[in-house]
J.: 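Dropping the structure in here first, questions after.
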There are 2 protein chains.
Amino acid sequence: MTDHPTTPAAGPTEGIDDAVRAELTSLRESIDNIDAAVVHMLAERFKATQRVGRLKAEHKLPPADPVRERDQIKRLRELAAGAKLDPVFAEKFLNFIIAEVIRHHEAIARA
Amino acid sequence: MTDHPTTPAAGPTEGIDDAVRAELTSLRESIDNIDAAVVHMLAERFKATQRVGRLKAEHKLPPADPVRERDQIKRLRELAAGAKLDPVFAEKFLNFIIAEVIRHHEAIARA
């Protein structure tokens, strides 16, 4: 019994040595664990924003809130810098999420 | 002492009643906590992908790996469905992250 398949794997890792392949596999397992955590976090985040969307629709508040978004971006850029994550990427990431949230809020407001 | 400011807050929440404002604030605090967690997760994720990028550059492997990406998308869509997150959004999210990772890998390969 070994940790490695005895037949060569197909694909781009074919021909690289076992130590490199093992390190790549280990890093990919960590990435997959992080992705699973992030997906579950985002599922909770959308549960919260759906509640915000319903509140806004019930009280005729606008779907977008530029002041809130400006504060979120500023805070996230600062958190990113502290975590050694590119603040420009953190801002792009938040804008990507907010675009989806506004799409949800508009759908709730139309419903 | 109350939980609410005695002077009215400016902005889109002005004029809505205190209970609604308190619920909105509570939801936004949860969203901010989730965002902080996600930013720190993504910082760890990029640490792992930077290591993958260096391994790939050292061993002359291509920056992108379509088989790995296809497997990641399939798995993430399944995890998303289980967490009641839109699988289409989960796939868009992973593509957004992977685009950034490939940009990093190309930069490492050029360095």
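Every chain is numbered from 1 and lettered A, B, ... according to where its sequence line falls, protein lines coming before strand lines.
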J.: Do the rings of F46(B) and F89(A) sit parallel, tilted or perpendicular, given the 30° and 60° boundaries?
T.: perpendicular
J.: Would you find a donor on one side and an acceptor on the other, under 3.5 Å apart, between the side chain of R45(B) and the backbone of D32(A)?
T.: no
J.: Give a yes or no on whether F96(B) and I73(A) share a hydrophobic cluster (residues Ile, Leu, Val, Met, Phe, Trp, Tyr; joining criterion: side-chain heavy atoms under 4.5 Å apart).
T.: yes
J.: Mind checking the CG-CE spacing from L42(A) to M41(B)? Nearest 0.5 Å is all I need.
T.: 10.0 Å
J.: Out of curiosity, S30(A) OG to K47(B) NZ, how far, rounded to the nearest 0.5 Å?
T.: 11.0 Å
J.: Could you tell me the separation between the CD1 atom of I98(B) and the CD1 atom of I31(A), rounded to the nearest 0.5 Å?
T.: 9.5 Å
J.: When hydrophobic residues are tied together by side-chain contacts of less than 4.5 Å, even through go-betweens, does L76(A) share a cluster with I102(A)?
T.: yes
J.: Ring pair (Phe, Tyr, Trp, His ring centres under 6.0 Å): which pairs involve residues 64-85 of chain B, sequence neighbours left out?
T.: none
J.: Taking the inter-plane angle between the rings of F93(A) and F93(B) on a 0 to 90° scale, is it parallel (under 30°), tilted (30 to 60°) or perpendicular (over 60°)?
T.: perpendicular
J.: Name the option with the most non-hydrogen atom pairs under 4.5 Å to chain B; the candidates are L94(A), D86(A), L27(A).
T.: L27(A)
J.: Would you say E23(B) and V52(A) make side-chain contact, with heavy atoms under 4.5 Å?
T.: no
J.: Does any backbone or side-chain atom of E44(A) lie under 4.5 Å from a heavy atom of chain B? Answer side chain, backbone, both or neither.
T.: both
J.: Kindly indicate whether the side chain of H40(A), heavy atoms from C-beta on, has any atom under 4.5 Å from the side chain of L85(B).
T.: no
J.: Measure the spacing between CG of D35(B) and CD1 of I97(A) and express it to the nearest 0.5 Å.
T.: 7.5 Å
J.: Can you tell whether the side chains of D65(A) and R28(B) come within less than 4.0 Å, N to carboxylate O?
T.: yes
J.: Can you tell me which of Q72(A), K84(A), R75(A) forms the most heavy-atom pairs within a distance under 4.5 Å of chain B?
T.: R75(A)
J.: Need one label for T49(A): side chain, backbone, both or neither, based on atoms under 4.5 Å from any heavy atom in chain B.
T.: both
J.: By number, which residues in residues 53-60 of chain A have some heavy atom less than 4.5 Å away from chain B?
T.: L55(A), K56(A), H59(A)
J.: How about NZ on K74(B), more than 12 heavy atoms from neighbouring residues, nucleotides or ligands closer than 6.0 Å, or not?
T.: no
J.: So, for A43(B) and A83(A), which heavy atoms are closest and what is the spacing to 0.1 Å?
T.: CB-O, 3.4 Å
